There are 2 protein chains.
Amino acid sequence: MKWKALDAEPCSIARTLSFVGDRWSLLVLRDCFLRVRRFEEFQRRLGVTRHILADRLKRFVEAGILSRVAYQTSPERHEYVLTQKGLELYPVLMAMARWGDAWMDDGAGPPLRYRHRPCGHHFTPVMCCSECGEPLDPRAVTVEPGPGLGSEDAQLLPPARQNPAS
Amino acid sequence: MKWKALDAEPCSIARTLSFVGDRWSLLVLRDCFLRVRRFEEFQRRLGVTRHILADRLKRFVEAGILSRVAYQTSPERHEYVLTQKGLELYPVLMAMARWGDAWMDDGAGPPLRYRHRPCGHHFTPVMCCSECGEPLDPRAVTVEPGPGLGSEDAQLLPPARQNPAS
DNA sequence: TGACAAAGTTCCAAAAAGGAACTAACATCA
DNA sequence: TGATGTTAGTTCCTTTTTGGAACTTTGTCA
């Protein structure tokens with residue numbers, strides 16, 4: 001399977017990976033959420049090669065994840081800001097931040113802490129059920145075919161039981 | 001910045017990406033959550049080249065994300081199962097699945113649906129505040145330096161305001 | 001005029017991924 | 001006994017993607 005084929009897979013994870021399936025894409029998005037907006041600042045902060053950065057920004061703009069807006073004319077300069085589509089990638093980033101805090105700590109504690117302004121507390125992000133609000137345990141979730149799964153793709157489903165956990 | 005340097009960054013997202021910062025890693029994990037366990041089955045389902053698959057499985061085992069357990073002797077055969085560390089990557093995958101369902105739908109609807117066994121409903125995963133339980137809006141979250149952020153890394157913080165959103 | 005800045009682009013070398021065939025260690029079948 | 005099959009890899013070579021550094025364009029400022 002090639003890069004290009006990912007967005008045609010009957011799997012929302014694979015389709016999402018067609019945009020964020022490499023480390024630079026996600027680090028660029030991380031910086032977007034930290035309010036970085038300009039080419040030079042992404043480059044300075046990330047240390048990414050300039051043509052890779054240019055490529056990723058272009059792809060994000062084409063995908064509607066970032067929008068490229070002029071902040072001055074003569075010479076024209078643009079900055080990159082998250083669209084709604086981009087903003088909704090926040091849970092992906094927060095899930096990674098949470099896992100890194102839990103499992104990649106070098107002993108110094110978390111590099112960043114997050115405060116939820118509405119309630120005022122430091123928090124950790126928790127993935128919850130939209131219906132009952134309880135935290136999700138992978139062993140308590142059952143996978144079922146959805147309308148977007150072609151009948152010939154049914155082998156993508158879990159083999160024996162219908163339960164997606166270890 | 002090279003691959004290897006990622007896990008030394010003072011950023012939990014970057015550290016997490018040192019394991020899941022490529023598409024095959026995440027697709028392998030997706031299949032793990034769908035109860036795929038054996039080399040041949042990963043290979044058949046993913047279409048990934050065999051040596052890439054072997055490499056990713058080895059890295060996951062070394063990282064403690066998967067464990068390699070024998071399921072028969074003579075000849076010895078092993079299968080790969082998620083550890084607790086691996087299971088806790090579930091929110092990352094679910095966040096991607098959710099975003100793909102919302103933004104990469106080809107018109108056919110979601111390929112998979114998820115049912116929360118404790119409450120019995122189909123659901124979507126929602127990232128919530130651990131303290132108040134409310135869904136997280138990126139614009140309502142403030143970032144602060146944590147104990148693991150060296151003073152020389154303070155420039156990683158948001159530039160002007162302390163608010164990580166667009 | 002010369003230096004500086006932002007946002008890219010170009011060129012070449014190095015690293016990673018794709019593709020296909022090959023290997024090891026057994027089991028089973030004719 | 002030899003041929004074939006299965007699982008889990010490994011090896012070799014080609015193609016694609018990155019990394020690194022220099023260069024370009026369009027304009028400002030001193």
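Treat the numbers as computed from the prediction; the structure is a model and nothing was measured.
Looking at heavy-atom distances under 4.0 Å, B:Thr49 makes contact with a base. Note on A:Phe42: nothing from the nucleic acid sits closer than 4.0 angstrom, heavy atoms only. No engagement by B:Arg44 is indicated, since no non-hydrogen atom pair under 4.0 Å with the nucleic acid exists.
Atom CD in B:Glu41 sits about 10 Å away from atom P in D:dA8, given to the nearest Å. In this structure, CD of A:Glu76 is placed 17 Å from P of C:dA6, rounded to the nearest angstrom. One can place CG of A:Leu27 at 14 Å from C1' of D:dT18, the figure rounded to the nearest angstrom.
Checking C:dC11, D:dC12, D:dT7 against every side-chain atom of A:His51, the shortest atom distance belongs to C:dC11. Side-chain proximity of B:Ile52 to D:dT6, C:dG18, D:dG9: nearest is C:dG18. Taking every side-chain heavy atom of A:Arg56 into account, D:dT18 is the closest of D:dT18, D:dG9, C:dG18. Closest to the side chain of B:Arg23, out of C:dG8, D:dA8, C:dG18, is C:dG18. Nearest to the side chain of A:Pro75, among C:dG8, D:dG27, D:dA8, sits D:dG27. Proximity note for A:Arg50 (side chain, C-beta onward) versus C:dA17, C:dA25, C:dT9: the nearest is C:dT9.
Figure legend: cation-pi geometry between A:Arg38 and A:Tyr71, with NZ or CZ positioned under 6.0 Å from the six-membered ring centre and within 45° of its axis.
One finds a side-chain N or O of A:Tyr80 lying less than 4.0 angstrom from the OP1 or OP2 phosphate oxygen of C:dG8. Phosphate contact (OP1/OP2 of C:dA25, side-chain N/O of B:Ser74, threshold under 4.0 Å): absent. Within the structure, every side-chain polar atom (N or O) of A:Trp24 is placed at least 4.0 Å from both OP1 and OP2 of D:dT17.
Using bins of under 30°, 30° to 60° and over 60° for the plane-to-plane angle, the ring pair B:Tyr114/B:Phe123 lands in the tilted bin.
Separation of the A:Phe33 and A:Tyr90 ring centroids falls under the 6.0 Å cut-off.
Of the listed residues (A:Asp22, A:Val48, A:Leu26), just one forms a side chain to side chain contact (heavy atoms under 4.5 Å, CB included) with A:Arg56, and that residue is A:Asp22.
Within 3.5 Å, no donor on the side chain of B:Arg38 pairs with an acceptor on the base of D:dA8, nor the reverse.
Here the side chain of A:Arg117 pairs no donor or acceptor atom with the backbone of B:Thr142 at under 3.5 angstrom.
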